[in-house]
Every structure is written in C-alpha cells, then in structure tokens.
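These numbers come from the heavy atoms of this one structure, side chains and all, not from hydrogens, waters or symmetry mates.
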Amino acid sequence: MKLQDYLDVSKLTKKNAQLELDELARQIENANSAYHAGDDPILTDAEFDAKKRRVKAIETKFPDLRGLFSPDFQVGAPAASGFGKIPHAVRMMSLGNAFEDRDVSDFVRSICKYLGLAGADDLSFTAEPKIDGLSLSLRYEHGTLIHAATRGDGSVGENVTANALTISDIPREIENAPEVLEVRGEVYMSHADFAALNIRQEKHGAKLFANPRNAAAGSLRQLDPDITRARPLHFFAYSWGQLSSPIAETQFDAIKRLERFGFATNPLTRQCGTVAELIAHYRSIEGQRASLGYDIDGVVYKVDRLDLQERLGFRSTTPRWAIAHKFPAELAWTRLEGIDIQVGRTGALSPVARLQPVTVGGVVVSNATLHNEDYIRGFDSKGTSIRGGKDIRVGDWVQIYRAGDVIPKVADVDLGRRSQNTVEYDFPTKCPVCGSPALRADGDAVRRCTGGLICDAQAVEKLRHFVSRAAFDIEGMGAKQVEQFHADGWIKEPSDIFTLEDRFGRGMQQLKNREGWGEKSAKALFEAISKKRRVELGKLVFALGIRNVGEVASRDLALHFKVWDRLVEIVDLALLAAIAYRKADDAATRERIAAVQGSRRARISEVRKSALAEADVPKASQAAWDELVELDGLGPVLALSLCDALSNCEERAAIDRLIAHLTILSPEDPVADSRVSGKTVVFTGTLVRLKRAEAKKQAESLGAKVAGTVSKKTDILIAGEDAGSKAAKAAELGVKIMNEDSWLELIERG
DNA sequence: CAGCCTCGAGTTCC
DNA sequence: CTCGAGGCTG
C-alpha cells in the first residue's frame, strides 16, 4: 500500500478510530520495547514512521481521541517554544540542602520544634540517593499515562510525553492505581550509556556531552522522539504529585507501592530512626558512589510519616520535611586572569573572575562570581575575615568549586604561588559603563552605580527583568532580543515594547530584514506582545523592577489593593509619611552611631518615635503609610522603595506611558470561601495545640490574612496562654478575641 | 534585640 | 544556588 493511502483516514468512523489507535499504540509500544531490549527490530524504521504518521492523521481527524499515545503529542502546539506547557496540579518543589552533619541535626531539630515535639524519638525518616538527572512528573488517569512534564519553573513544565514514552522504565499503563496518580522521579543516564553515547556522537562529528546529566537533559528535550528513543534513558520514581486517593501512610510504603505499580525505585532507599542512622547511611552510599553506575550528588532524607509531612508543609520553595545532604563539592586550582565588573538592574557593581578554563565537577568553568568588594578584599565591613583574610589578586592561583554544584566560586587562594608584582585589587568607584559615581551605602555590602536610567547597563537590565519569565514573559522577546533592540535604539523603556509595531509602521519590514528574523517570526513576536497587553496586576508590579519589590511582595500588594489605581493612590498618599520616616530613621541611625562611640546604650526605636511625633504628618498620609507597612511581609524598607519609585518624576512618567498600553487584571483570590476568608487575624501568646508557624499557614490556606500587630483592621485576635499587650490593645479597639480552641472549632466547622 | 525564616538580587553553564 | 538583608517571633 502506498503511504499516501495508508495515511488516508477520511472513511474512518470514530469507533473504529478508537480501536485502531489502541492497536497502533500496542504495535508501536512493542516495537519500542524490542528496540530497548536490544532485540531484533519488529518494525523497520519506515514502517514505524508510517504507523506514527497514521496515529497523527487519526488524531487530527478526531482531536478528542488525541493524547494518550500520540508519538507527536503536541500537534498544534506553538512551534516557537517547541514543547507545549503543562501546569503542575501540585507544584514541583526543590529541596533544602545540608552540607555537614551539623546541618542534618539542625534539620531534625527544626522539625521537632515545628511539630512541638520534645525529641526526635517518635520520628523516623527515609534516606535515598539523590540522583543527578532531571525530574519528571508523570500523570496517570484511570491507570493510563496521559502526560509527562518536566519541572520547568515548578508551576508549569514542558510537555515531553512523546519522549517519556520512549523510556522503558516508564509504564504506559498501570494496574490498580488511583483514578488520578502523578508519579514523580528522576530521568538519568548511566555512566556506561553516557560513554557509549559520546563515542557515537564523536563518530558522527556531533557535539560531545559534558556529563550524563546534560546528556539526559538534552535527550529528553528532543523535539523528535525518535532521537530520544535512541538514547538509553532511565527513570527512578521517588515521589508523587496529585493523587485522587492516598497510596500509603508513610514515605517508605509509598515507594513500595510505586514499585508495585511497575516503577523502578532506588534500591538504596532505607528507613532510619535517628540522625546517626541517617549519617551512617549517607557514608555508606558515599562509599558506593563510584560503583553505582550513575551519578548521584547526595542523599535525600524525608520524614517518613505522610501525615507529619502534611503538617510540616512547605516553605516558599522547599518542603520542611525533606532535605538533601550533599556530597562535598569538587575542587580545582586555576589562574585568575582578570576581574570584570558587571552592572546589574539596581546598579550593583558585581565583580566576576575571568579564569583560565578548568574542569570542575564535569563542567569547564571560565568565570566565577566574586560577589562584592569585601569578598575580594578578604574582610567584610565589620572586619570579619573571609577565606582566612586572604585577598584575591589578578594573577593568583585560586581554588574553584561549584556552590551547590552550580555557581562557580573562589574557595581559596594559594599565597605561596603569588608572584611579587601582583597588587591588591582596586575596586572601581565609578560605574564602568556610564562613568557615574558608584557609592556604597552605610552597612550595604554592594557598591551601586548612581546613574539610574542614564546608565545603559541599568536600562538594559531593567528591560531584561521586564520581559523575564516571572514578569511579562513575552514569547520571542527574551534577554537577547531586548538587548539587541536596546542597542538599536528601538526600545529604551518598557512602553516602547508595546509601540514597537506602530512606531516603525513598517516595523515588520525592518524586522524581517534583520538577520534571524523572518516574516513569520516578526508577526509571531508582535502577536506575542499584543497578548501581554492584558496583564495581571502582580506581574505588572513585579515587572517594574522596583528595588526590594520582588515576586512575592508584588503578588501580596496586588492581592491587597486589587486595582492599580488604588495601589498608586495609597503609595502617593504615603509619600509625606515616608519622607518623615526616612528623616526619623536617619536621626535614629546617627544617634546609634553616637551612642556606640560614646559607649552609651542606644534607644533607636525611641529616637525614631519621637522624631516621627515631631514631624506632624497629615493623618491621611500616615494612614496610607500604615496600610502599606502593616501588610504582612511588607515593612518600611519596601514601602520606602515603593514611594521612591512612584514619586520619581521620570520613573513615574515611564510607568504611566507603559500602563496606557495595558489592561490590568485584578488578581483572583487564590482561596475558596471559608468562614475566615478575607479576615485579618492576629495570633498572640503561647499556642498549645499548634505551633505558631503552623497556625499561620493554616489560617492563610483558609484565606485569612495573618498580621503581626493588632490594629483597627484586625478582625480576630487569637489569644493563646499568657497573652499580653496585644490582647489589651485588641480589647481597647473592640477587636473580637478568641482563644485557641474556639478558633480551631471555628475553622474546622468552616 | 537576637535569631530565625524568607525574599530579593546577583550569579554560571548547558 | 548563595548571600545579604528585611521582617517576624519570642
């Protein structure tokens, strides 16, 4: 039969299509396994390819059958990004790190503290090797794999289903599974397979991979699943995301359960009852490291009981109930050839070491961060020594390691090999880009360029921040593109992005004549820009790049103020109070310095208080300032940054020009209704049944705002034992006061 | 006010 | 990923 006829699906009924898809899936799967097992191929490449194309043809005709097994899953996915995006139903977190035994006992101690346990006797843990690969989340519904997603930024991953299906450790169907089961684990490549792959790559004149991790990552992120199939990848399951029903009561049993579902799990997973046992297992794994046949970079410890894991919950990016105990970093000596200065978005001058290239932990390193001038000098501003007080000089032999196996840093300097004619590094006091003075604020570790937006470096960095993933995230407009557009004078400030198409009228013409741009990509870019004219308030605030106002603070501001105009109104109003606060704070700082010199006791808060009282700030302004400062997580420093940014004429004008192009969306309240949603609560005194942090987390998950101090805006004060001044103030203000038990009762009923 | 815990800002290499 | 520093807790 001709291929063309084989791909003709016009006469196919939906019912037959379903049956045929299943059959094709089976055949392709079998061919796949045979391929993996090294058996004789069941299908020729052409046959294999034809079957895949028929699947695609059928799925195009019956889109609702699409998905389960499409060898090219992202039919119709945007071509620019390559892979479709998949939001994770449950965020994929990273892990906190321990480097020394001490950190492990600290970890256990903090868990006990959080749970209110006197000792670790009742706790037990699992310990397993930390595989050095890339994490993958597999979603099964009714026992069938429906997609596989990379970690991405933790919230949204990339759809690599087609590639995951070529990995023999990943079953397509599992039995007796909950309706929804997301299995998480690590994709990796063995040492042997890595070596063989590089030999093949070399033979074909292709690029060699630096290490198995990169090889595995490169292989999984192939647009053509056939290439992935030819790369021998493996998968260890160690965790899970969304579950329609629990699969076990402990971490260890859950791993066993994953095994029964047909997943490979790491054979060195153990249960440990004490810190000593954890460390012993760590040493044992460390001893076997070289003979495992795959890369690991540490050992992961997790609280075994899942109910406790749930109680412990998560910090912003890491779970409280797990930690990665890392192996010591690899070290390498090389020569420091020079020191360059980079200028960041906030004007920070950051020194970067230019090194004679050296291999550290499987990667060739030629740059390393030097942090700031104190780090180079070997002493911080308080006179505490860094690296034993050894300064770093151009020409020195320096020892390099990759902090957390990622960021290259200087660990040590070999003074014995320092040549006579080296000189101490002279940190610039002028911005190397714009020549403005670079000043170091009192007590600040960084020196900053004072040029503001005059400084090209700052302008570019601000633009890069504006288009970054957590901000406007414009597809086709990454760091490289804004840099280029800025260099051409096409984009000077964020608002220029939205006039790019108009301003150049024939912008399309101009753009598509430029190298790397065609008509299609230019059109796609303008479309992508247009799409972002509707923007969520929090993203907008973050994108502005106001100092000290990051992703979290922006989101909190958005949740509180809901609309842009309201936020601006309050910040504008707060300006007078902000000025008064700064003056009072400066006075307090001067007082402190004088007090330290005169060995008197400093009473900073009182100096500040009295200075503020004298300032006589208008009531409305003070109220606005208080509203900002009393927001949970915000304080005077952030509030000052906000006021500064919005009261600066040029900056404000640029912002106004920008928002003229935008439709600003109010944030959706992330929490469903509960009895306490929207209420502001304050905890005080000693809580008996819950620890403070736990109570706070729980209240927030129910939509309540947790504040630190009682004010008129407080709805409920939860008073534990020995509640003091806060309870008195609440009574004075007529705020509702509850004890811990009635609070718990209230939220449990809700 | 000291000691956490988080967040923000800066960084490298693929 | 790490450092420094802001903000909160006790």
Side-chain angles (χ1 to χ4, degrees), chain A residues 94-97 99 106 109-110 113-114 134 207-211 213-218 221 314-318 320 324 326 329 340 342-355 357 359-372 374-375 380-381 386 400-409 441 443-446 448 461 464-465 468 470 542 545-556 592 601-605 629-641 682-687 691-693 695-697 706-709 720 722 724 726:
Chain A
S94 44
L95 292 177
N97 291 319
F99 296 99
D106 282 352
R109 202 166 41 84
S110 83
K113 199 174 146 201
Y114 194 92
L134 57 152
K207 227 181 110 203
L208 297 190
F209 291 101
N211 53 54
R213 207 202 89 84
N214 288 349
R221 296 189 78 263
F314 298 88
R315 285 185 280 259
S316 64
T317 58
T318 60
R320 289 193 185 82
K326 296 295 202 72
D340 284 355
Q342 295 181 356
V343 183
R345 158 169 80 85
T346 60
L349 303 194
S350 311
V352 177
R354 303 298 173 203
L355 306 167
T359 303
V360 193
V363 176
V364 178
V365 166
S366 42
N367 301 307
T369 175
L370 292 171
H371 290 296
N372 52 51
D374 288 349
Y375 193 83
D380 73 9
S381 49
I386 304 167
I400 305 295
Y401 72 105
R402 297 205 306 148
D405 274 338
V406 181
I407 311 287
K409 293 184 59 170
D444 202 349
V446 284
R448 289 175 205 277
E461 293 302 314
R464 281 167 59 132
H465 172 81
S468 67
F542 176 62
I546 298 166
R547 182 126 93 92
N548 298 319
V549 181
E551 216 179 332
V552 175
S554 302
R555 196 194 54 214
D556 290 349
R592 175 168 51 189
R601 261 195 68 207
R603 288 183 305 180
I604 304 146
S605 49
V629 173
E630 274 166 27
L631 259 176
D632 197 29
L634 257 79
V637 174
L638 265 88
L640 278 172
S641 292
V682 175
F683 292 95
T684 188
T686 312
L687 302 179
K691 282 273 127 185
R692 176 72 62 112
K696 180 175 169 185
K697 186 185 71 190
V706 179
T709 52
D722 304 321
K726 280 188 205 169

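Side-chain atoms of A:Thr346 never come within 3.5 Å of backbone atoms of A:Arg547 as a donor-acceptor pair (strictly under, hydrogens ignored). In terms of modelled atom types and a separation under 3.5 Å, the side chain of A:Arg345 and the main chain of A:His465 share no donor-acceptor contact.
Contact between the side-chain N/O atoms of A:Ser350 and the OP1/OP2 oxygens of B:dT11 is found at a separation under 4.0 Å. At B:dT12, none of the side-chain N or O atoms of A:Lys409 fall inside 4.0 Å of OP1 or OP2 (strictly under the cut-off). The side chain of A:Thr346 places an N or O atom within less than 4.0 Å of a non-bridging phosphate oxygen (OP1 or OP2) of B:dG10. Side-chain nitrogen and oxygen atoms of A:Gln342 include none within less than 4.0 Å of the OP1 or OP2 phosphate oxygen of B:dG10. Distances shown here put a side-chain N or O of A:Asn367 below 4.0 Å from the OP1 or OP2 atom of B:dC13. A close approach under 4.0 Å does occur between a side-chain nitrogen or oxygen of A:Arg320 and OP1 or OP2 of B:dT6.
At whole-Å resolution of the value, CZ in A:Arg547 and C1' in B:dG10 are 13 Å apart. In this structure, A:Lys326 places its NZ atom 6 Å from P of C:dC1, rounding to the nearest Å. What separates CD of A:Glu630 from P of C:dG7 is a distance of 14 Å, to the nearest Å. One can place CG of A:Leu370 at 14 Å from P of C:dC3, the figure rounded to the nearest angstrom. For A:Tyr375 and B:dG10, the OH to P distance is 18 Å, given to the nearest whole Å. For the pair A:Ile400 CD1 and B:dT12 P, the computed distance is 12 Å after rounding to whole Å. Going from atom CG of A:Asn372 over to atom C1' of B:dG10 covers 10 Å, rounded to whole Å.
A:Val352 comes within contact range of the sugar-phosphate backbone alone, with a heavy-atom separation under 4.0 Å but no base atom that close. At the heavy-atom level, A:Arg402 lies nowhere under 4.0 Å from the strands shown. Using a 4.0 Å heavy-atom cutoff across all strands shown, A:Gly218 reaches no nucleic acid atom at all. Across all strands, A:Ala210 comes closer than 4.0 Å to no nucleic acid atom at all (heavy-atom distances). Here A:Ser366 lies in heavy-atom contact (under 4.0 Å) with sugar-phosphate atoms only. Within 4.0 Å of A:Phe99, counting heavy atoms only, lie sugar-phosphate atoms of the nucleic acid but no base atom. Within the 4.0 angstrom heavy-atom criterion, no nucleotide atom of any strand lies near A:Arg213.
Across A:Asn214 and A:Asn211, no two heavy atoms sit closer than the pair N-OD1, 2.8 Å.
Along DNA chain C, the nucleotide nearest A:Ile386 and the nucleotide nearest A:Ala639 are compared for position; the residue whose nucleotide lies closer to the 5' end is A:Ile386.
With a 4.5 Å cut-off on side-chain heavy atoms, A:Val352 and A:Arg354 count as touching. Between A:Leu631 and A:Asp556, the closest side-chain pair of non-hydrogen atoms is not below 4.5 Å. In this structure, A:Leu95 and A:Thr318 have side chains that are not in contact, with every pair of non-hydrogen atoms separated by 4.5 Å or more.
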